[in-house]
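Remember, predicted model here, so these are calculated numbers, not experimental data. Hydrogens, waters and symmetry mates are skipped; everything else that's a heavy atom, side chains included, is used.
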Amino acid sequence: QVQLVESGGGLVQAGGSLRLSCAASGRTFSRYVMGWFRQAPGKEQEFVAAIRRDGPSTRYSDAGKGRFTITKDNNKDTLNLKMNSPKPEDTAKYSCTATTDIRLPIASAKCDYWGQGTQVTVSS
């Protein structure tokens, strides 16, 4: 199966920046739509961002639009999420996902693979 491993999480002050990374096994980016979800304590999984398997098209949640940037490097099989000006409400466990469903945004129920997630904590 495809393996996704996130990294880059940690503690960051509000207004700072953070870059999350997701390493995928094999050349999965050419076969799957990749994206990020997050889940805060007591809340459901929330879509954050996604990028198409082909081309530069991206999609963001209202919360992430304008502050977050999703990118990928097909040669390195790496997915990234740049978080600018994070807020305390962005505190959550961020997970990398992959799906064969080409529709954007990604639906959590359609995700074929999930990483274990990386914790992001934003302090005031």
| field | pair T100-R31: side-chain heavy atoms closer than 4.5 Å | value | no
Shortest non-hydrogen pair, T78 vs S21, comes out as CG2-CB, 4.5 Å
Checklist entry - Are side-chain N/O atoms of Y32 and R53 paired as donor and acceptor at under 3.5 Å? => result no
SG of C96 to CD of Q3, rounded to nearest 0.5 Å, is 11.5 Å
(message) Using a 3.5 Å distance criterion without hydrogens, assess whether the side chain of T91 forms a donor-acceptor pair with backbone atoms of T121.
(response) no
Rounded to the nearest 0.5 Å, the CZ atom of R38 sits from the NZ atom of K93 at a distance of 15.0 Å
- Query: Would L11 and L81 show up in the same hydrophobic cluster when neighbours are defined by side-chain heavy atoms closer than 4.5 Å?
  - Reply: no
Flag the pair N80 / I70 as yes when at least one side-chain heavy-atom distance between them is below 4.5 Å, and no otherwise.
no
Pairwise side-chain contact, V33 with I51, heavy-atom cut-off 4.5 Å (strictly under):
no
Closest heavy-atom pair, A14 versus S124, reported as atoms and distance to 0.1 Å, is CB-CA, 4.4 Å
Can you find a heavy atom in the side chain of W36 that is under 4.5 Å from one in the side chain of I106? no
Are Y60 and V48 close enough that some pair of their side-chain heavy atoms sits under 4.5 Å apart?
no
Looking only at heavy atoms, the pair that brings F37 and A107 closest together is CZ-C, 4.1 Å
CZ (R67) and OG (S17) are apart, to the nearest 0.5 Å, by 12.5 Å
CD (E89) with more than 12 external heavy atoms under 6.0 Å
yes
Other residues, nucleotides, ligands: >12 heavy atoms within 6.0 Å of Q119 CD: yes
Answer yes or no: is there a donor N or O on one side and an acceptor on the other, between the side chain of R52 and the main chain of S57, under 3.5 Å? no
dist K65:NZ -> R59:CZ (nearest 0.5 Å) comes out at 9.0 Å
Practice item. For the pair T99 (side chain) and K110 (backbone), establish whether a donor and an acceptor sit closer than 3.5 Å, ignoring hydrogens and angles. Key: yes
What one should report as the nearest heavy-atom pair of A24 and L4 is CB-CD2, 3.6 Å
message: Could you check whether atom CD1 of I102 has more than 12 heavy atoms from other residues, nucleotides or ligands sitting under 6.0 Å from it?
response: no
On a heavy-atom basis, the closest approach of L104 and A50 is CD2-CB, 3.7 Å
Taken to the nearest 0.5 Å, the spacing of L20 CG from K82 NZ works out to 11.0 Å
Between S95 and E6 the two heavy atoms that sit nearest each other are CA-OE2, 3.2 Å
d(T58 OG1, M34 CE) to nearest 0.5 Å is 14.5 Å
- What about V5 and W114, same hydrophobic cluster or not, with Ile/Leu/Val/Met/Phe/Trp/Tyr joined at side-chain heavy-atom distances under 4.5 Å? no
